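Everything below concerns the one structure shown next.
Naming convention: chains lettered A, B, ... in sequence-line order (proteins, then strands); numbering from 1 in each chain. Everything numeric here is computed off the predicted structure, so don't read it as measured data.
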Protein chains: 2
Amino acid sequence: MDARRDVFQAIADPTRRAIVLLLAVGSLTPNAIAEHFNSSRQAVSKHLKVLAECELVRAEQQGREMHYHLNKNKLKEIEKWLEQFKQLLEKRFDQLDNVLEQLKTKRK
Amino acid sequence: MDARRDVFQAIADPTRRAIVLLLAVGSLTPNAIAEHFNSSRQAVSKHLKVLAECELVRAEQQGREMHYHLNKNKLKEIEKWLEQFKQLLEKRFDQLDNVLEQLKTKRK
DNA sequence: AATATATGCAACTATTTGGTTGCGCAAAAT
DNA sequence: ATTTTGCGCAACCAAATAGTTGCATATATT
């Protein structure tokens, strides 16, 4: 759980993906997150650390509470990758695509 | 490297992401992939196994060669997640956003 | 037929990971 | 002032991971 600051590695863990989705709705404290699903506070805290390291999440202290919220921009890294990927695919497969679409509708 | 059949975990590894991008351009054999960057054939083969397990990649035997190619549809799982995420963000934050911005600037 | 090539599989290793427990500290609540 | 609460940190542990090496097997090449 150490020096990993890669968005993709951060969202590899299902618990972390859940946390990210939770935080999409609003800012939360570690305790509040932990209560949302069966995970100890410490476990959540560690996940938050990972998410914070890759800057998917930002922490803000408010009194003795820490409020974690998403860094929307960071999600764009994932989007970018997907986009790059899709462009490559489209270039190669733009004709094949139609065939595949037909196959799909046929199957269902 | 065992029973992991999760797209997100599959693309967590940078080498695997590179492989996926390579395969976006066209179908390749393990050896061909390994030559593309500094990784042993075995290592690549293992990565391909992971990618195949989560169905991001499909294998086709051709004589003694295995040809690996992408499964475009699987990428949609990632897209879906991102989409879900973005919707949450937009729904909740289009008004809240301003408030949060104000709070932030006030505190600083 | 004999050799070379392409590949997958199993065993082994070092590293990383997710999780727990125990601690300390600072901010609230009493 | 004392206790409670929210949190992060460090140490530890079991499991998983990425990678290596050494096979075995099937298909090409000679």
Check nucleotides 2-6 of chain D for protein N or O atoms closer than 3.5 Å to its own N or O atoms and list the pairs.
unit_1	atom_1	unit_2	atom_2	d
D:dT5	O2	A:Arg64	NH1	2.5

Next on the checklist: Given 3.5 Å as the limit, does a donor-acceptor pair link the side chain of B:Arg41 with the main chain of B:Ala34, or not?
Outcome noted: no
Next on the checklist: Categorize B:Ser39 for me: base, sugar-phosphate, or nothing, with a 4.0 angstrom heavy-atom threshold over every strand shown.
Outcome noted: nothing
Item to check | Residue pair B:Arg58 / B:Asn71: nearest heavy atoms and the distance that separates them | outcome: NH2-ND2, 3.2 Å
Checklist outcome for this item: Rounded to whole Å, the NE2-P distance (B:His67 to C:dA6) equals 11 Å
Checklist entry - Is there side-chain contact between A:Lys76 and A:Asn73, with at least one heavy-atom pair below 4.5 Å? => result yes
Checklist outcome for this item: Rounded to whole Å, the CG-P distance (A:Leu48 to D:dC9) equals 12 Å
Checklist entry - Does B:Leu75 reach the side chain of A:Lys86, with side-chain heavy atoms less than 4.5 Å apart? => result no
Item to check | Separation between CG of A:Leu23 and CG of A:Leu70, rounded to the nearest 0.5 Å | outcome: 5.0 Å
Item to check | Atom pair CG/OG of A:Asn31 and A:Ser40 - distance to nearest 0.5 Å | outcome: 10.5 Å
Next on the checklist: What is the distance, to the nearest angstrom, from the CD atom on A:Gln61 to the P atom on D:dG8?
Outcome noted: 8 Å
Checklist entry - Which distance, rounded to the nearest 0.5 Å, do you find between the CZ of B:Arg17 and the CZ of A:Phe8? => result 5.0 Å
Next on the checklist: Please determine whether any donor N or O and acceptor N or O are separated by less than 3.5 Å between the side chain of B:Lys46 and the base of D:dG19.
Outcome noted: yes
Next on the checklist: For D:dC7, does the base pair up with any side-chain atom of A:Gln42 as donor and acceptor (N or O, under 3.5 Å, distance only)?
Outcome noted: no
Item to check | Whether A:Ser27 side chain and A:Tyr68 backbone form a donor-acceptor pair below 3.5 Å | outcome: yes
Next on the checklist: Tell me the bend of the helix from C:dA1-D:dT30 to C:dT30-D:dA1 as the angle between end helix axes, each from five pairs, rounded to the nearest 10 degrees.
Outcome noted: 20°
